[in-house]
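Heads up: the structure comes next, in structure tokens.
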Amino acid sequence: MSKLFGLLFKKAHVWLVIIVLIVGQAFCELELPGYTADIVNVGIQQSGITSPIPEKIAQSEMEKLLIIVSDRWYEEEILECYSLVDGVYVLTEYGDILEELLLPLAIVYFTDNMTEEMFTGLEQGVDMSELLSGLITEEHVENVRRMIRVGEIDYRDPFVILILQFVKTQIKDLDPAIIYQSALLQARQEHINAGVDVDKMQMEYIYSAGGQMIMYAMFSMFAAVLTTFLAARAAAFFSREARRKTLEKILKFSNREFDDFSVASLITRCTNDVQQVQMILAFGSRMLIYAPIMGLGAFFKVMRQDGSDMGWVIGLAVGAILILVVTLFIVAMPKFNKIQKLIDRLNLISREILTGLPVIRAFSREEAEKQRFDIANMDLTKVNIFINRAMATMFPTMMFIMNGVCVLIIWIGAGQINEAAMRVGDLMAFINYTMQIIMAFLMLSMLSVFLPRAIISYRRIAQVLDKTITVNNPQKPIAIGDSHGSVEFKNVSFRYHNAEENALNNISFVSKAGETTAIIGSTGSGKTTLINLIPRFFDVSEGEVLVNGVNVMNVRMEDLRDRIGYVSQKAVLFSGSIRENILYAFDEAGDDAHIIPSKISQAEEFILEKENGYDEEISQGGTNISGGQKQRLSIARAIAKNPDIYIFDDSFSALDYKTDSALRKALADSVKDKIVLIVAQRISTIMRADRIIVLDEGEIVGVGTHSDLLEACEPYRQIAYSQLSREELEGGAA
């Protein structure tokens with residue numbers, strides 16, 4: 001896991017910039033609903049007036065307000081905050097005492113908008129003892145009614161003052177929000193009475209707030225675009241490095257590590273699994289940071305808005321979403337664990353079918369293999385369909401919850417607006433913030449679709465990177481040196497991982513420079529295992545393998561393998577030209593470096609018959625040439641390397657006898673001072689070797705020349721007589 005985290009830290013500065021940009025984007029988007037509320041509440045409903053305390057009040061209007069202010073000391077303090085200029089009081093200093101104007105402003109607004117029917121209702125609540133005492137006559141009351149009809153109320157009239165005092169006792173017990181709203185509306189009228197261009201003030205406020213909204217929106221857009229760009233590049237870098245690191249680790253695997261991973265699985269881990277992690281880094285990382293910030297930010301914004309007592313609506317929506325997401329997560333998570341294994345299985349079967357197509361056709365097993373592929377394909381399809389169906393239900397349900405919450409907010413908010421407990425702009429902001437909270441959870445739920453699969457893919461990649469390599473370079477390597485050219489097995493035993501018995505037991509022999517050592521035995525006797533210990537494809541369980549007197553486990557593998565020319569049992573060629581395959585061991589080589597190896601391996605004849613000669617392209621796996629031709633090119637590749645040690649693992653099996661004989665003769669002339677080890681099944685290939693080792697069930701049962709073994713080794717004699725006649729064998733011995 002730490003190795004993958006290290007790849008992320010290589011771009012830590014980029015991820016830091018991405019986080020900063022995402023936070024900035026979220027902050028900007030959280031500010032927009034507040035500006036929307038301000039434009040509606042202040043810009044439209046309040047004509048751009050931000051405070052219920054008027055900045056300018058006509059002298060006559062101030063006298064009205066001061067009539068209602070009962071305390072003379074308050075009057076003096078209020079007037080000290082204003083300066084009288086040309087019959088208009090201008091606000092010069094804001095003080096807490098000005099809050100005493102809120103109630104008078106609300107009363108004046110109520111009184112100025114009073115209808116005759118409202119006045120008649122008020123009469124019933126006024127103390128009419130004053131009327132009976134003769135201070136207020138019926139004619140006086142009728143005169144007030146006339147003033148109300150024409151809209152010219154005299155606030156100094158005794159009966160009007162009496163009504164105002166009664167209204168004051170009624171209004172001051174109302175919701176403070178109603179008083180505040182009424183004061184704001186009256187403040188607008190006071191500005192108009194003072195000669196202020198309220199329409200201009202309104203447009204200036206709307207333009208100012210709208211301009212700030214545009215700035216926030218532009219930065220949000222810029223941050224979103226730049227974040228997407230940087231995240232895509234950082235994710236692509238991680239993907240590239242993860243594939244490179246994974247391949248580098250696989251190249252270090254010994255055969256034991258390959259036993260723990262199938263080739264199909266390793267291909268999936270290098271491609272599909274890396275792609276899954278890249279996708280979650282490119283898109284999911286933004287959601288993972290952006291969604292919580294938006295959700296929490298919107299929640300705190302809502303709690304500060306008017307109407308925050310509707311927070312239970314948000315709780316209801318979030319609870320419903322969490323139940324949905326958790327349910328789907330529990331249902332789908334086990335399937336995500338299974339899906340990558342099914343992809344491995346499908347890749348494995350596809351690879352087997354494609355590589356084994358000639359055998360499939362030869363045995364007329366096309367229908368059976370098609371059925372086997374269909375079963376694996378259908379298993380994967382069923383899991384994908386199940387996951388997609390489960391996730392497909394999430395989005396319509398989310399939209400239903402979102403729209404239902406929106407309707408519920410409007411239903412409740414409309415009642416609060418009607419009661420003056422909430423303003424229209426605040427309701428709009430509340431809806432926007434609630435949608436942001438729900439969208440945050442929606443993004444997290446979308447992330448839950450991809451995140452489980454990405455986590456599993458991440459673990460599968462980490463399994464490869466964290467795999468312990470059993471064959472490693474020594475901490476203090478020893479140079480092999482050029483003297484004492486030999487390969488020696490000293491009491492070597494080997495057991496495969498988790499095997500119950502040894503594959504090789506107490507193997508000891510020496511092969512010196514200028515000698516050819518052949519190894520023969522029945523199938524499964526351990527021939528290939530034996531020679532694979534020399535280049536350290538495995539490490540011995542007991543004993544030592546020495547090259548030039550140095551234990552191969554004390555030598556850097558690169559130095560060891562540079563001295564070995566290896567031709568595997570199965571000829572392997574790579575896509576590219578014939579020339580490139582022969583010179584595979586070289587990054588750069590002379591123009592004619594491929595000529596002599598191709599002549600020795602008897603490959604030149606068929607190469608020159610090709611239309612493009614040495615530049616003829618070899619298809620993937622060498623499918624456009626025969627098995628014998630592949631073997632000859634593999635042998636040429638080993639010869640071109642000019643190593644100290646040649647290892648041929650049954651590398652002549654596909655050659656005809658004539659080609660085999662010519663190749664061995666040419667090879668003998670070119671490797672006179674080299675160590676040659678040949679694994680073979682055919683007696684004719686090894687009968688002239690300097691030393692022949694006979695293996696049987698992992699043990700040496702005979703060592704000697706061809707003639708010695710014919711006389712003294714029964715297993716060798718059985719193999720020999722099963723392949724050649726007595727005359728041919730005796731001729732080879734001679």
Side-chain angles (χ1 to χ4, degrees), residues 25-58 61 88-91 94 98-99 101-102 105-106 108-110 112-113 175-221 294 297-298 300-310 406 409-410 412-436:
Q25 179 189 354
F27 173 80
C28 291
E29 295 189 10
L30 287 170
E31 290 296 311
L32 294 178
Y35 279 98
T36 302
D38 289 342
I39 288 175
V40 174
N41 292 336
V42 180
I44 297 176
Q45 292 185 323
Q46 298 172 197
S47 301
I49 298 172
T50 59
S51 173
I53 306 301
E55 295 181 6
K56 293 183 179 181
I57 306 177
E61 296 298 318
V88 176
Y89 281 99
V90 180
L91 183 65
Y94 186 88
L98 294 178
E99 299 293 331
L101 283 176
L102 290 178
L105 284 166
V108 170
Y109 174 78
F110 177 79
D112 283 351
N113 291 278
D175 190 319
I178 297 177
I179 297 174
Y180 188 87
Q181 290 295 318
S182 300
L184 275 169
L185 293 172
Q186 186 59 32
R188 179 182 185 278
Q189 187 60 43
E190 298 299 346
H191 280 88
I192 294 173
N193 295 337
V196 176
D197 188 347
V198 175
D199 291 338
K200 181 180 178 182
M201 180 188 296
Q202 181 181 36
M203 295 310 298
E204 286 177 351
Y205 182 88
I206 292 174
Y207 286 145
S208 174
Q212 292 180 64
M213 284 187 72
I214 291 174
M215 288 177 60
Y216 279 120
M218 291 294 290
F219 181 84
S220 176
M221 180 188 70
M294 286 296 294
F300 287 118
K301 289 280 188 179
V302 162
M303 292 298 102
R304 294 173 58 187
Q305 287 283 324
D306 290 340
S308 59
D309 55 337
M310 289 199 300
C406 187
I409 291 172
I410 294 173
I412 298 172
Q416 293 195 7
I417 290 173
N418 187 51
E419 296 172 0
M422 177 183 273
R423 293 179 291 178
V424 175
D426 293 328
L427 177 62
M428 294 174 63
F430 191 91
I431 293 174
N432 285 333
Y433 283 131
T434 304
M435 292 304 105
Q436 286 179 339

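- Inter-residue side-chain proximity for Ile57 and Val88 is flagged as unmet; no heavy-atom pair is nearer than 4.5 Å.
- For the pair Glu31/Met213, no side-chain contact is recorded, criterion being any heavy-atom separation below 4.5 Å from C-beta on.
- Residues passing the side-chain hydrogen bond (donor to acceptor under 3.5 Å, both in side chains) test with Tyr216, sequence neighbours excluded: none.
- Side-chain contact between Met203 and Tyr207 is present, with at least one heavy-atom pair separated by less than 4.5 Å.
- Annotation: side chain of Ile431 is in contact with side chain of Ile410 (closest heavy-atom distance under 4.5 Å).
- Checking side-chain atoms of Gln436 against main-chain N and O of Pro33 turns up no donor-acceptor pair under 3.5 Å.
- Residues Ile49 and Val42 are not in side-chain contact: their nearest non-hydrogen atoms beyond the backbone lie 4.5 Å or more apart.
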(request) Could you check Gln212 against Tyr35 for side chain to side chain contact (heavy atoms under 4.5 Å, CB included), going step by step and ending with a plain yes or no? (result) CA-CA 8 Å; Gln212 292 180 64; Tyr35 279 98; 2.7 Å; yes
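- Counting heavy atoms from C-beta outward, Met435 and Cys406 have side chains that approach closer than 4.5 Å.
- For Thr36, the side-chain hydrogen bond (donor to acceptor under 3.5 Å, both in side chains) test picks out no residue, with sequence neighbours left out.
- Residues Ser220 and Glu29 come closest through the heavy atom pair OG-OE2, 2.8 Å.
- Listed for the Glu55 side chain is no donor-acceptor partner under 3.5 Å among the backbone atoms of Leu91.
- In this structure, Met294 and Leu30 approach most closely via the heavy-atom pair O-CD2, 3.9 Å.
- Gln25 places no side-chain N or O within 3.5 Å of a backbone atom of Met221 that could act as its donor or acceptor partner.
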